[in-house]
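Each chain gets a letter, A, B and so on, in the order the sequences are listed, and its residues count up from 1.
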Amino acid sequence: MKLKFTVNRRATTLEVTGAERVIDLLRERLGLVGTKEGCGKGECGACTVLLDGSPVCSCLLLSSQVAGREITTIEGLSEGESLHPVQAAFAETGAVQCGFCTPGLVLSSAALLADIPAPSREQMKRALAGNLCRCTGYQKIFEAVELASRNMRREKRRRR
Amino acid sequence: MPAPRKKRTAFAAIGTSVPNVDAVDKVTGRAKYGADHDRKGQLYGRVKYSEHPHALILSIDVSRAVNLSGVRAVLTHADIPGENSFGTAVPHQVVLCSEKVRYLGDVVAIVAADSEEIAAKAVESITVKYKILPVVSDPVEALSPRSPAVHAGGNLCVHQKVRKGDVGTGFSQSEVVLEREYATQKVEHAYMEPEAVLAEPGENGGITVTGSVQNLYSIRRGLARVLALPLGRVRVRQATLGGSFGGKDEAMTALCCRAALLALKTGRPVKMVNTRENSMRESYKRHPYRMKYKVGADRRGFLKAMEITIHADAGAYAAMSPFVTWRSTVQATGPYVVPNVRTDVYAAYTNNCYTSAMRGFGSPQVCFGSESLMDELAEKLGMDPLEVRLKNTLRGRSTTATGQKLNHTVSVGEALLNVTKKGRFLKTRASNRKHNERSHPKKGVGISCSYRGVSLGAEGVDAAGVTVSLQTDGSVVASSGLVDMGQGAATTISLMVAEELGVTVDRIRFLGADTSRLPDSGPTVASRTSFMAGQAARRACKEIVERIRPVASEVLGCPVDSLLFRNNWVSHSTERTRRGPGSRKAGRGRAGRKRLRLGELASLCFARGVSLFAHGWYRAPATSWDERTGQGDAYFTFVYGANLAEVEVDTETGTVRVTRFVSSHDVGRVLNLNGARGQVYGGVAMGLGYALFEEYAEQDGRPSLENFDEYLLPTVSDVPETEIVFIENPDRLGPYGAKSLGEPACEIAAPAIANAVCDALGMRVRELPLTLERVRLGRGLSRKEKRGSAGP
Amino acid sequence: MAVVGRRVRRVESLDRVKGVGSFTDDLTYAGMLHAAVVRSPVARARIKHIETGRALRRAGAEAVFTFQDIPGRNVVPIILEDQPFLAEEYVNYVGEPIAVVLASERETARAAAKEVSVRLEELPPILDLLKARRHPRVHLFGEDNVFKHLRIRRGDTAAAFSSCDVIVENEYRTPYQEHAYIEPEAMIAIPHPDGTIEIRGSMQCPFYVRKAVTSVLGLPESRVWVVQAATGGAFGGKEDVPSLLACQVALPAWKLKKPVKLVYDRTEDMVSTSKRHPSWVRYKSGATRDGVLKAVEVEYVIDGGAYSTLSPAVLYRGTVHAAGPYRCDNVKVDSYVVATNRVPTGAFRGFGSPQILFAAESQMDQLAERLGLHPAELRRRNLLRAGDTTITGQKLTVSVGLEETLDRVLEASGWPTGQKRDDGVGYGLSTVFYGVGLGAAGKHLARTGARVIVHADGSVTFSVGTTELGQGMTTVLSQIVSEELGTPLECVQMIAPDTSRVPDSGPTVASRSTTMSGNALKDACGKIRDVLLAEASRALRIPVSDLRIVEGAIVPAKEEGPSMPIDEAIKSCTTARLPLSAEGWHVSTSTSWDDRTGQGDAYVTYAWATNLAKVRVDRETGEVTVLKMWAAHDVGKAVNPTLAEGQIEGGILQGLGFALTENMFTDERGVIVNPDFSTYIIPTAADSPEIVSLLVEHPYPDGPHGAKGFGEQPLMGVAPAVANAVRDAVGVRITELPITPEKIWNALRSSRRVPVTQR
Amino acid sequence: MREASVIAPRSLREALRAVGRKGVVAVAGGTDLLVRLHDVAAGERPSFLVLDGVRTLHSIAPRGKGLALGPLVTFSEIERSSLLRTLAPQLVEAASVAGSVQIRNRATLGGNIANGSPAGDLLPPLYVLSARLELSYSGGRRQVMIEDFFKGPGETVLRRNELITRVVFERSQNRGFFLRLAVRRALAISKVSVAANVSLRNGRVQSVRIALGAVAPTVLRASRTEEYLLGRELDRDSIETACGLASGEAAPIDDIRSEADYRREMVGVLLGRGLLRIASAR
């Protein structure tokens with residue numbers, strides 16, 4: 001079947017069977033290897049992508065389920081040299097250690113901040129619980145979300 | 001067949017004949033050349049060429065290209081983060097033209113797309129408006145004040161000179177004075193592998209390029225400058241090189257910069273591979289020279305003075321022209337003692353394809369000039385060509401044209417005698433004369449000789465580094481900042497490491513260069529690799545041996561200086577002489593050990609904390625140069641060689657067949673016999689093409705050919721049987737006495753052939769190549785511009 | 001100092017947040033095949049026949065390789081060389097590799113691997129570590145199934161116990177802990193036409209990998225080059241295991257002359273790769289009334305699984321750490337690592353010490369309780385200070401900041417002492433220490449090399465033989481280079497380790513990368529500084545000895561006088577072709593060990609830490625909520641405090657997993673039944689408590705800028721702190737990890753039963 | 001999963017035509033199904049009937065006094081629905097603690113039901129809301145009460161040619177809850193869960209439904225407990241007794257998540273906490 005969908009704001013058409021996992025489509029067909037596979041069972045969240053803005057596990061998603069929909073991967077979160085505020089904050093606060101879980105965590109955090117601009121720690125924990133990280137102990141990740149939140153709100157105020 | 005060499009007992013590995021260490025990859029087709037590197041998700045880059053040899057750019061419209069589906073980036077000069085130019089001598093070579101185009105190979109825009117096809121389509125859809133300017137195409141006219149300027153500072157690229165003695169006095173002492181003009185053509189390197197590169201975004205915003213690069217460090221400099229990155233973030237790696245001959249330097253810098261710009265812009269790997277047409281159009285060539293020689297000699301044939309004026313066509317950019325022409329000034333007189341010399345070499349900018357380094361590097365042109373001249377002088381004096389040469393050749397303690405007193409064994413005479421003896425020069429010459437009176441085709445025999453400075457010389461301070469790492473199992477990894485480009489550097493350096501550490505070559509891995517892992521070792525040019533990298537490798541090895549000796553001595557219970565490292569074993573040297581290192585009955589160490597595998601020794605050393613890793617750095621001996629007078633010790637040592645060619649010329653058709661070739665070179669020491677022979681065979685073939693067929697002709701800045709259908713290279717049937725006589729006068733500076741060979745083998749083939757042709761014809765042709773027309777009619781045909789060759 | 005000690009941004013973090021693909025599975029090569037491993041389904045059996053026909057008939061399947069295809073030795077050399085790369089006659093654990101299947105697609109390979117049928121004659125396995133020693137019938141290793149027995153004999157414990165006022169004796173157990181790095185094990189082998197083979201993958205120890213591949217393929221080391229790809233977490237789990245994977249790809253790649261990739265499926269990874277050793281400890285401690293620890297007697301048994309791998313070294317660390325960071329004159333330790341028919345266990349952050357420290361620190365609290373002393377007070381009376389001697393007889397001279405870590409934690413936490421609470425909230429303390437580096441057990445490996453190149457524009461590239469695993473080595477080493485050469489950090493770039501480019505630098509384990517590679521880099525930088533200073537000296541006409549590098553310039557040591565910017569010195573050296581590149585080499589201070597008595601200078605130095613856990617325990621459900629953790633670590637010098645905190649926070653959360661949820665269950669046939677993230681429970685963001693990290697700096701003179709490694713330590717004291725806190729909260733002591741609600745509930749139930757409505 | 005084929009219907013009719021075919025498996029969110037198929041080789045995988053495209057299966061709508069939910073309503077949609085928050089708070093509570101954000105964004109009501117796990121978090125709430133399932137097949141449909149739908153772990157009465165097309169339930173009474181215990185705070189399967197739906201009149205229990213999750217082969221109604229509570233005041237004694245009864249009704253097992261005794265006891269603890277909450281909210 002011909003799959004038409006949007007990947008990182010770009011209309012994309014691919015010939016697919018429909019039964020491929022979206023993660024394979026992204027990694028193998030589109031070369032978007034920022035999306036990682038850590039368990040293949042939706043438990044670790046390393047494969048998180050945004051489907052119409054909401055975090056989902058791309059390892060539990062069939063290509064036919066994304067027809068007509070919009071996917072954002074880590075590569076699509078920012079353009080060129082620029083960084084999304086969440087990306088910048090992760091780098092700044094030391095929220096990155098081995099980095100394998102980072103793309104998923106960044107996307108989940110970005111989705112959280114789009115939904116709740118100034119989340120509490122509890123809200124963060126709820127929103128990020130689907131992304132396992134074995135290195136950081138999550139503390140610096142919380143700090144990163146807080147920093148990104150502050151920066152995004154400041155930027156919004158400045159624009160107004 | 002080449003003369004058999006006696007194996008020297010002093011060495012284990014040096015001088016043996018081993019296959020190139022990369023031979024298996026190449027014969028199995030598994031070697032990975034520039035275009036064989038691919039990455040998932042890579043894009044394909046293409047260039048938009050200038051449509052005019054000389055024009056001002058009024059506007060560049062990329063809007064249609066940008067909107068094509070599958071196009072990921074379209075870049076122009078405005079997108080360059082750093083400087084929009086590079087160049088070793090004059091950093092003015094433009095990456096993406098902004099105001100002006102200077103030759104047809106200039107590029108105004110680049111495209112990255114999902115496929116080659118889309119990229120090509122995108123390039124076509126770019127429109128550029130120009131204001132056409134008059135074309136500068138003649139290097140002599142270019143220097144006239146009336147000529148339009150290719151570059152803002154005028155068209156003089158460089159003026160090199162030598163002033164020795166007083167030529168006026170010299171000519172006044174001369175009984176014979178000859179004035180002759182010679183010309184050589186522009187030729188293409190014609191490496192079989194066109195330029196190719198894969199650029200990948202690297203760590204930390206850096207860039208990694210892998211491709212068919214010859215001089216990694218100069219390309220890295222260009223990339224860092226254009227991309228505004230620190231050198232440490234720019235990583236250049238060499239793919240297996242499918243030939244270079246000096247050709248994959250600036251042309252590759254431009255390609256690498258363009259690919260890298262696209263890769264950094266898109267965040268994806270970008271591959272760019274030149275078609276042969278692109279390569280022919282854009283890549284630089286060997287300088288065409290117009291040479292005026294005036295020579296004076298006494299009646300006995302001794303040279304008194306030489307005055308030489310040369311005009312070189314630099315083309316659109318300076319590239320290596322200042323260095324190429326400098327070597328020409330040093331070698332212009334040929335390997336002769338000339339008391340009074342005045343040489344001027346001018347290189348001028350034109351709107352022709354630019355010229356730069358090519359095997360020989362400014363010497364093949366002047367070798368043709370000086371060696372044709374010597375034959376003409378001989379004829380004028382009524383002497384034979386050998387006699388007049390032998391009278392004048394440089395000898396030990398002679399002083400060169402640049403005033404350098406030679407303090408090593410000077411063997412140009414020996415080389416001449418070698419080839420003339422082997423080729424029975426005088427006898428053949430006499431019998432040819434008789435034959436030619438009656439029969440067709442006409443036969444001729446010619447000789448040539450040269451001296452050549454080793455390495456970079458006073459062009460720059462010369463140094464190189466090699467890292468050697470002995471592994472705990474006794475195998476070795478060596479890596480060099482100078483590269484193997486097909487000339488066999490990997491093998492030569494491996495042999496030296498084998499010699500120093502006493503390992504067999506199969507235990508050594510030679511690593512391709514990587515700019516981030518090895519310090520800048522200068523360019524892999526000027527036949528300097530064996531010499532410079534060889535010395536550096538030996539230093540590294542010696543350092544390791546120094547560190548591990550004490551441990552070996554302790555284990556074997558013998559003095560440090562009696563240890564012998566050979567064939568992956570360490571033993572007492574005294575034992576070796578009696579029974580050989582493999583003997584069981586060899587002497588007994590303190591620990592009851594007689595000998596030790598190198599691997600055991602290495603593990604033992606590692607466990608004791610001895611470092612098995614060393615970096616050798618070798619700085620070449622000093623050279624000197626006085627810009628004003630062109631006097632000085634131009635090179636720290638020289639090599640010498642002589643060639644002899646026999647030809648048959650069909651005077652009805654102009655067809656020339658080289659029937660025999662004899663080549664003799666003093667290389668100091670043959671390191672790898674196989675490799676050395678290969679360099680000579682290849683050099684002769686290249687010189688033959690230069691002499692007989694090859695010409696990259698241009699008219700008003702437009703080339704008249706674009707591929708090998710019209711650019712003729714020697715085929716297997718054109719190449720003569722070549723006999724080789726190596727001379728080994730070990731140089732006190734060289735590794736094991738070795739000097740160099742790669743370029744000498746090439747520079748004097750053409751004059752030997754030309755002299756032979758002239759001998760057969762009984763007529764002098766002073767212009768290369770000796771095409772059918774020149775041989776038959778005494779002049780060349782002018783070529784018409786090729787259809788479509790100037791298209792986008 | 002300009003850069004060292006600053007909270008600079010991790011150098012690779014920009015690439016990581018952008019998702020730049022540099023992990024193993026992100027790499028693809030033309031013509032690449034995928035491998036899958038055929039594994040033993042049973043714990044112990046004799047192999048009768050391997051049938052590959054059906055697998056090979058599957059479309060896309062390319063080849064199957066068994067031990068018969070191995071050109072070199074069928075051994076994965078680690079310490080004892082008892083582990084075959086592919087099983088020959090016997091299989092000894094569930095998941096043991098038997099064959100490797102190759103196919104064009106990963107899924108095809110995995111499917112085909114299932115179709116390789118192995119006929120087995122099952123044999124009775126040993127699955128219990130306590131039954132393994134001197135098992136009457138099954139001999140898996142030697143006569144007694146003991147891979148290694150270590151002992152410490154110090155003083156006279158029997159006599160000492162008789163003089164003790166309080167003696168506490170208990171048994172403790174800890175289970176498997178799985179590393180659960182988020183990136184599964186992954187490896188690629190690329191055969192090159194020049195007769196070399198490149199191994200690229202997720203790993204800690206490229207030189208171990210090289211050794212394994214050379215052994216299996218029978219090649220010289222020069223022809224095997226191992227490059228670490230970005231590694232998505234390791235924690236010890238990528239220390240010895242990648243050697244196996246590398247062989248699993250190298251053999252087919254070498255035979256087929258094609259690149260081969262292998263990425264373990266998460267379940268395969270959990271079933272077949274190493275874990276933390278399950279342990280059993282019998283611990284007896286005695287103290288006098290005034291709170292002096294008089295005697296300790298320990299029997300420590302850990303389950304090494306079917307092959308020895310790194311177990312002897314793991315046991316060594318556990319043995320040295322057996323009594324905790326205390327003075328004790330009478331110590332008797334007997335520790336054993338035994339062979340069973342279970343997956344080989346190996347390195348995991350802490351390396352044999354978290355298990356024994358769980359016991360040791362649980363003991364200390366019980367002693368305190370019995371003595372009526374506050375846990376902090378008892379520890380203070382016994383902890384090691386400069387001038388003291390450890391239980392291995394090592395005299396400590398400098399960099400002993402244990403007491404300060406205790407003070408800092410007590411001060412920061414405001415731990416309310418003495419009052420009795422009834423809110424289910426409790427506090428638990430642990431003080432621990434960590435021997436830095438490989439210690440005497442690995443002293444033959446205790447060396448590192450480095451290469452530094454200063455480029456013409458002053459930018460610097462360097463390479464070392466140790467690896468970045470997420471711990472921040474690259475950044476810390478970049479900071480050290482930047483500091484040494486006065487180059488801005490942005491211009492320093494580390495090049496990924498490649499065994500052919502750097503000297504064998506031993507493994508990246510034992511929290512040794514900062515100290516060892518840092519020192520090697522200092523050595524290399526020093527050589528380059530000498531060249532730069534000599535050049536400046538020539539130009540400035542000031543003797544080298546009177547010059548120094550300060551903030552990007554070479555300046556006279558005395559106030560006045562001309563100076564030279566570093567850049568200019570570099571340019572001048574470059575023009576003169578002076579070598580601005582150097583190799584560095586560092587051999588660690590010597591250590592010693594007497595196998596008979598267990599006495600010696602076990603490690604070059606030690607890191608020290610105090611942990612305090614505040615928990616709430618739900619008396620009805622037994623659920624433990626960790627409310628807050630405080631941790632103070634003496635790290636010598638924090639080269640980058642942000643990264644050091646990152647190590648503490650990450651280690652604590654792993655420690656909490658070890659303490660509370662992580663457990664791997666094996667059924668009666670030796671099959672692990674919960675090999676995935678939905679059943680093997682590691683902490684999520686929602687489980688992460690507030691963590692207060694405190695850095696204490698007692699410089700270690702032989703470390704770069706005083707730094708000593710400590711990356712493992714944060715995990716080590718967490719479980720006992722939690723166990724002690726649970727005891728403090730609800731009065732039950734759990735001696736077997738993990739501390740599950742069920743265990744607490746059972747303990748509470750057996751103590752009393754209270755109706756729900758009355759609580 | 002490359003080789004398996006896919007049917008992606010745009011209408012219910014198309015979907016129903018496909019569902020009966022041999023080797024066809026319906027996929028809703030896929031969060032359980034694709035986990036189960038993770039280790040199944042490509043060649044052995046079923047054809048997927050991907051239901052995403054059938055619009056009518058996504059709706060949340062009032063029906064009569066209750067609600068009708070399409071089976072493709074996701075956990076996240078349940079969590080965020082203000083309608084459900086007032087009408088079925090148990091369901092909202094259950095939906096909001098299950099899995100993770102990523103899972104809740106894909107996991108569906110219908111999938112959770114069809115999956116048939118006794119630990120499925122939405123099931124106890126549906127039990128206490130007396131949910132009725134509409135099962136459709138080509139040419140007809142039937143209704144099944146949720147309690148009659150399950151036969152055992154992973155076993156249901158859903159026929160091969162049927163799809164769950166609607167879940168209808170009454171609105172919750174004035175008091176209800178869902179409580180559970182799990183091995184960690186998120187991303188975990190319940191060890192034990194309790195849902196209740198209680199109405200009180202004059203302080204006495206007028207109606208009550210209690211369902212227990214993960215303590216028997218299927219979700220269990222604690223009917224003896226319900227019977228006991230009916231008509232009683234919710235006080236310490238009655239709650240204590242109810243807890244004891246409920247524990248007795250549970251039939252849990254030991255597994256890797258927990259132990260039978262513990263689970264049994266926790267049924268009582270959770271029920272007690274929920275009932276105390278109700279009692280104290282009066």
Side-chain angles (χ1 to χ4, degrees), chain A residues 27-28 31-46 73-75 77-78 83-84 86-108 121-122 124-142 144, chain C residues 7 9-10 12-23 25-28 179-184 202 230-235 263 265-267 468-472 640 642-643 645-654 656-657 676-678 682-688 690-691 693 714:
Chain A
R27 287 180 58 85
E28 284 165 34
L32 298 169
V33 295
T35 305
K36 306 295 181 198
E37 179 161 356
C39 71
K41 292 182 178 178
E43 290 286 344
C44 75
T73 70
I74 191 69
E75 291 91 344
L77 202 60
S78 57
L83 291 179
H84 186 281
V86 171
Q87 291 174 312
F90 266 63
E92 205 54 52
T93 56
V96 180
Q97 285 195 24
C98 82
F100 200 77
C101 69
T102 303
L105 270 160
V106 165
L107 286 166
S108 288
R121 280 266 163 129
E122 278 314 306
M124 286 180 213
K125 288 183 175 185
R126 222 176 119 64
L128 303 181
N131 293 89
L132 296 179
C133 168
R134 192 59 154 167
C135 295
T136 61
Y138 304 104
Q139 305 298 306
K140 304 262 185 255
I141 291 169
F142 299 148
Chain C
R7 292 179 178 270
R9 188 170 66 196
R10 174 185 287 270
E12 70 278 21
S13 57
L14 289 185
D15 286 347
R16 295 290 177 270
V17 297
K18 287 198 253 178
V20 170
S22 37
F23 294 93
D25 199 20
D26 303 342
L27 308 172
T28 308
H179 305 86
Y181 31 68
I182 307 298
E183 180 207 30
S202 184
T231 296
F235 318 116
V263 179
D265 176 75
R266 175 61 61 185
T267 294
E468 171 67 52
L469 307 166
Q471 84 278 43
N640 185 331
T642 303
L643 298 183
E645 286 164 12
Q647 286 300 302
I648 295 175
E649 292 160 6
I652 285 181
L653 209 65
Q654 275 179 3
L656 288 177
D676 60 39
F677 281 145
S678 70
I682 68 171
T684 68
D687 301 291
S688 177
E690 189 185 337
I691 295 171
S693 308

How long is the straight-line distance from [atom2] of [Y] back to [atom1] of [X], given to the nearest 0.5 Å?
X: A/Lys41; Y: C/Asp265; atom1: NZ; atom2: CG; value: 6.5 Å
X: C/Ser693; Y: A/Lys140; atom1: OG; atom2: NZ; value: 6.0 Å
X: A/Cys101; Y: C/Glu183; atom1: SG; atom2: CD; value: 11.5 Å
X: A/Thr136; Y: C/Glu645; atom1: OG1; atom2: CD; value: 12.5 Å
X: C/Ile182; Y: A/Cys98; atom1: CD1; atom2: SG; value: 7.5 Å
X: C/Lys18; Y: A/Thr102; atom1: NZ; atom2: OG1; value: 14.0 Å

Between [X] and chain A, which part of the residue has a heavy atom less than 4.5 Å away: side chain, backbone, both or neither?
X: C/Ile691; value: both
X: C/Thr231; value: backbone
X: C/Pro714; value: neither

State, to 0.1 Å, how close [X] and [Y] come at their nearest heavy-atom pair, and which atoms those are.
X: C/Asp25; Y: A/Arg27; value: O-NH2, 2.8 Å
X: C/Phe23; Y: A/Gly99; value: CZ-C, 3.9 Å
X: A/Glu43; Y: C/Ser678; value: OE2-CB, 2.9 Å
X: A/Ala91; Y: C/Leu14; value: CB-CD2, 3.8 Å
X: C/Val17; Y: A/Phe90; value: CG1-CB, 3.6 Å
X: C/Glu690; Y: A/Gln139; value: CA-OE1, 4.0 Å

query: Taking it one step at a time, do C/Asp26 and A/Lys36 satisfy salt bridge (charged side-chain N to carboxylate O under 4.0 Å, His left out)?
result: CA-CA 9 Å; C/Asp26 303 342; A/Lys36 306 295 181 198; 2.4 Å; yes
Keeping the roles fixed (side chain from [X], backbone from [Y]), state whether a donor-acceptor pair exists under 3.5 Å.
X: C/Arg16; Y: A/Gln97; result: no
X: A/Arg134; Y: C/His179; result: yes
X: C/Glu649; Y: A/Gly137; result: no
X: C/Tyr181; Y: A/Phe100; result: no

- prompt: C/Ala685, C/Gly19, C/Ala686, C/Gly646: which one forms the most heavy-atom pairs within less than 4.5 Å of chain A?
  reply: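 Winner by heavy-atom pair count: C/Ala685.
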- prompt: For the candidates A/Pro103, A/Ala127, A/Cys133, A/Ala129, which exhibits the highest count of non-hydrogen atom pairs separated by less than 4.5 Å from chain C?
  reply: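 Sorted descending by pairs with chain C, the first entry is A/Ala129.
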task: Give the member of A/Gly38, A/Gly34, A/Ala88 that has the highest number of heavy-atom pairs under 4.5 Å with chain C.
output: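 Looking at each of A/Gly38, A/Gly34, A/Ala88 in turn, A/Gly38 comes out on top.
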Sort [X] into side chain, backbone, both or neither according to what part of it lies under 4.5 angstrom from a heavy atom of chain C.
X: A/Arg126; result: neither
X: A/Leu128; result: both
X: A/Glu37; result: backbone

- request: List for me each residue that meets side-chain contact (heavy atoms from CB on, under 4.5 Å) alongside A/Glu75, sequence neighbours excluded, and say none if there are none.
  value: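 Partners of A/Glu75 under the side-chain contact (heavy atoms from CB on, under 4.5 Å) test: A/Asn8, A/Leu32, A/Thr73.
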message: Enumerate the salt bridge (charged side-chain N to carboxylate O under 4.0 Å, His left out) contacts for residues 97-108 of chain A, please, sequence neighbours excluded, ordered by first and then second residue.
response: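 Pairs touching residues 97-108 of chain A that pass the test: none.
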